[in-house]
Amino acid sequence: MKIIMKFGGTSLCSADKVRNVSKIVKDYSFNNQIILVASALSGVTNSLVRLSELVKTSNSEKIVNELEKLNELHTNISKNSIKDPNIENEVLESISSTLDELKRLLEGIISLGEITPRSRDRIISFGERLSVLVVTGALKDIGINAEKFTGAEAGIVTDEEYGEANPLMSITKMKISKTLQPLLSKGIVPVVTGFMAATQTGDITTLGRGGSDFTATILGAALSADEVWICTDVNGMMTTDPKIMPNARTIPQLSYSEALEMTVFGAKALHPRALEPAQENKISVRIKNTFNLSGSDTLISNDQSVVRGKVAKSVALIKDVAMVNIEGAGMVGKPGIAAKIFDTFAREGINILMISQSVSEANISLIIRRKHLEKAVNTLEISLLGRGFANRVNAEDDVGVIAVVGAGMQGSQGVAARVFNAVAKKGINIRMIAQGSSELNISIVIKEKNCENAVKAIHEEFEMGTP
Ligand code: ADP
Ligand code: ASP
Ligand code: MG
């Protein structure tokens with residue numbers, strides 16, 4: 001089989017874990033062609049994001065500190081996961097020269113006095129550039145013929161949407177099959193940086209937080225892989241976040257659309273856009289536990305299997321959201337108000353996660369990311385108030401969205417009522433409701449402090465914890 005194996009930061013954050021990953025690759029590479037995608041080590045991308053903030057303040061002491069911590073982390077893990085002194089020295093030298101390059105980049109940005117989305121992407125791409133050095137070294141150390149690539153070198157070409165770049169799939173497919181395909185038949189294991197790619201003119205871009213999953217499926221599509229494995233720290237996609245509900249259960253199988261609804265609504269185990277290249281090219285994606293590879297896992301494929309008796313498969317929670325309510329008798333029967341709101345938000349780059357309008361039309365409620373709240377209220381007030389459209393815009397920043405997902409909900413009656421009852425029985429008030437037209441999900445908005453209890457109540461109501 002040809003398998004893309006992506007290892008997340010949590011699978012790589014100590015020498016033991018790096019050795020575990022190398023052993024997995026060794027075991028599987030006897031009978032399979034393996035392409036490895038590595039994320040940055042846990043916490044490293046956050047540290048680089050901090051550095052990209054620190055350059056604005058030119059606080060050189062803090063910058064030197066962060067760089068020193070990055071050096072220590074990568075050096076220690078390399079020293080403890082690589083035995084051969086020649087390989088170890090080579091890796092340590094590469095870490096040091098990569099960090100020097102990062103330091104020079106930061107100095108350049110400080111002297112220019114401004115950081116652009118383009119230079120920010122260059123900074124945050126260093127996490128993966130450093131992690132592949134360690135991983136490639138550890139693989140070579142146990143006799144694997146491994147070769148490292150940045151996403152750009154491998155051939156991933158994107159547009160110029162820095163921070164959330166989109167792959168240009170036809171050129172990307174062509175380039176990747178030229179660079180990586182010939183290596184596979186020679187028994188070489190390519191090790192590719194997740195998350196980072198480049199524009200057609202060679203400027204570095206990133207694919208959005210959690211984007212190494214996306215890298216893995218882009219490679220999967222380009223190389224017509226049999227499977228893409230997203231190896232993480234839990235047993236696949238579960239009925240809910242196991243950190244909230246310890247009896248959360250692995251969902252053995254999901255269709256692309258069900259998995260997409262889950263990821264869009266906060267199931268962090270997979271980057272939502274990662275399913276696009278997989279679905280388009282019908283590549284199966286497995287979510288597996290790096291620390292328990294033979295344990296239960298989730299297969300995401302074209303097959304929309306409805307497990308009998310299970311109408312709702314999973315419940316997810318998104319916390320960093322806010323609700324905006326627009327009220328006014330002037331909105332009744334007047335066309336174009338919703339369009340005006342969407343237009344205002346689109347111009348400001350504010351994404352709407354949920355919308356609901358009462359039948360009386362005197363009220364529209366929207367859910368957006370919390371970081372956009374102030375800008376959203378200000379721009380709505382300017383464009384709607386005092387023009388006869390609406391007479392009040394108010395906001396709540398202490399809410400969360402709970403999304404119940406499952407293909408069995410399509411056309412099945414009474415699911416919404418069961419969700420509402422389960423939550424009501426706990427004395428929790430629902431502030432807003434929406435159902436996607438796909439009928440694959442029902443979402444409710446409640447006060448943030450009640451969210452975890454509501455997730456538990458819904459998980460119990462639909463007996464998601466039992467097979
Ligand atoms: P990685 O470093 O491997 O990319 P992430 O932290 O991005 O890992 O994603 C894995 C985490 O996602 C899990 O540790 C788990 O807490 C969280 N998570 C949230 N919802 C779910 C869910 N429904 N199923 C599985 N994991 C979930
Ligand atoms: N390192 C990146 C992040 O932390 C990408 C990833 O981990 O998938 O967002
Ligand atoms: Mg992730």
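Order of appearance sets the numbers: ligands from 1, and atoms from 1 within every ligand. What you see is a predicted model; the values in this text were computed from it and never measured. Values below: all heavy atoms of this structure, side chains included; hydrogens, waters and symmetry mates excluded.
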Point to revise | Between Asp121 and Thr205: side-chain donor-acceptor atoms closer than 3.5 Å | key: no
Point to revise | Whether Lys6 lies under 4.0 Å from ligand 1, heavy atom | key: yes
Revision key, fill the gap. Note: Glu128, heavy atoms under 4.0 Å from ligand 2, region reported as side chain
**Study point:** Heavy-atom check, side chain of Ile367 versus side chain of Met432, under 4.5 Å
**Key:** yes
Study note, to complete from the structure: Heavy-atom closest pair (Ile402 atom, Cys451 atom, distance to 0.1 Å) is CD1-O, 3.6 Å
Exercise for review: Identify whether the distance between the nearest side-chain nitrogen and carboxylate oxygen of Glu227 and Lys2 falls below 4.0 Å.
Suggested key: no
**Study point:** N or O pair under 3.5 Å between Gly208 and ligand 2
**Key:** no
Exercise for review: Could you establish whether Ala316 and ligand 1 come within less than 4.0 Å of each other, counting only heavy atoms on the residue side?
Suggested key: no
Review point. Atoms of ligand 2 less than 4.0 Å from Arg209 heavy atoms?
Key: 3 (C), 4 (O), 9 (O)
Exercise for review: Would you please say whether a donor-acceptor pair under 3.5 Å links the side chains of Gln253 and Lys313?
Suggested key: no
Review point. Of all the atoms in ligand 1, which lie at a distance below 4.0 Å from a heavy atom belonging to Gly9?
Key: 2 (O)
Check your understanding: What do the steps show when you test Asp100 against Arg104 for salt bridge (charged side-chain N to carboxylate O under 4.0 Å, His left out), and what is the final call?
Key -> CA-CA 6 Å; Asp100 279 345; Arg104 284 196 303 276; 5.1 Å; no
Study note, to complete from the structure: For Gly211, the atoms of ligand 2 under 4.0 Å from one of its heavy atoms are 5 (C), 6 (C), 8 (O)
Review point. Are the aromatic rings of Phe7 and Trp229 close, with centres under 6.0 Å apart?
Key: no
Exercise for review: Select one of side chain, backbone, both or neither to describe which atoms of Ser212 lie under 4.0 Å from any atom of ligand 2, heavy atoms only.
Suggested key: both
Review point. How does Met238 reach ligand 1, if at all, at less than 4.0 Å between non-hydrogen atoms: by side chain, backbone, both, or neither?
Key: both
**Study point:** Contact partition for Thr232 relative to ligand 1, non-hydrogen atoms under 4.0 Å
**Key:** both
Review point. Taking side chain as C-beta onward, heavy atoms only, is Leu254 less than 4.5 Å from Met262?
Key: yes
Check your understanding: Is there a side-chain contact between Lys6 and Ser39 (heavy atoms, below 4.5 Å)?
Key -> yes
Point to revise | Under-4.0 Å salt bridge between Asp320 and Arg370 | key: no
Review point. Looking only at distance, does Asp233 have an N or O less than 3.5 Å from an N or O of ligand 1?
Key: yes
Practice item. Identify whether the distance between the nearest side-chain nitrogen and carboxylate oxygen of Glu164 and Arg209 falls below 4.0 Å. Key: no
Point to revise | Polar proximity ligand 2 side, Thr45 side, N/O cut 3.5 Å exclusive | key: yes
Review point. Does even one non-hydrogen atom of Gly127 get within less than 4.0 Å of ligand 2?
Key: no
Practice item. Show which atoms of ligand 2 fall inside a sub-4.0 Å distance from at least one heavy-atom site of Ser39. Key: 6 (C), 7 (O), 8 (O)
Check your understanding: Taking the side chain from Arg129 and the backbone from Thr150, do they hold a donor-acceptor pair closer than 3.5 Å?
Key -> no
Practice item. Check whether any heavy atom of Ser212 sits under 4.0 Å from an atom of ligand 1. Key: no
Revision key, fill the gap. Taking only non-hydrogen atoms of Met237 and a 4.0 Å limit, the atoms of ligand 1 in range are 24 (N)
Review point. For ligand 1, is any non-hydrogen atom under 4.0 Å from Thr239's backbone (N, CA, C, O), its side chain (CB onward), both, or neither?
Key: neither
Check your understanding: Is it true that Gly8 lies under 4.0 Å from ligand 2, counting heavy atoms only?
Key -> no
Check your understanding: Of the listed options (Leu41, Asp241, Val315), which comes nearest to atom 19 (C) of ligand 1 when hydrogens are ignored and any heavy atom counts?
Key -> Asp241
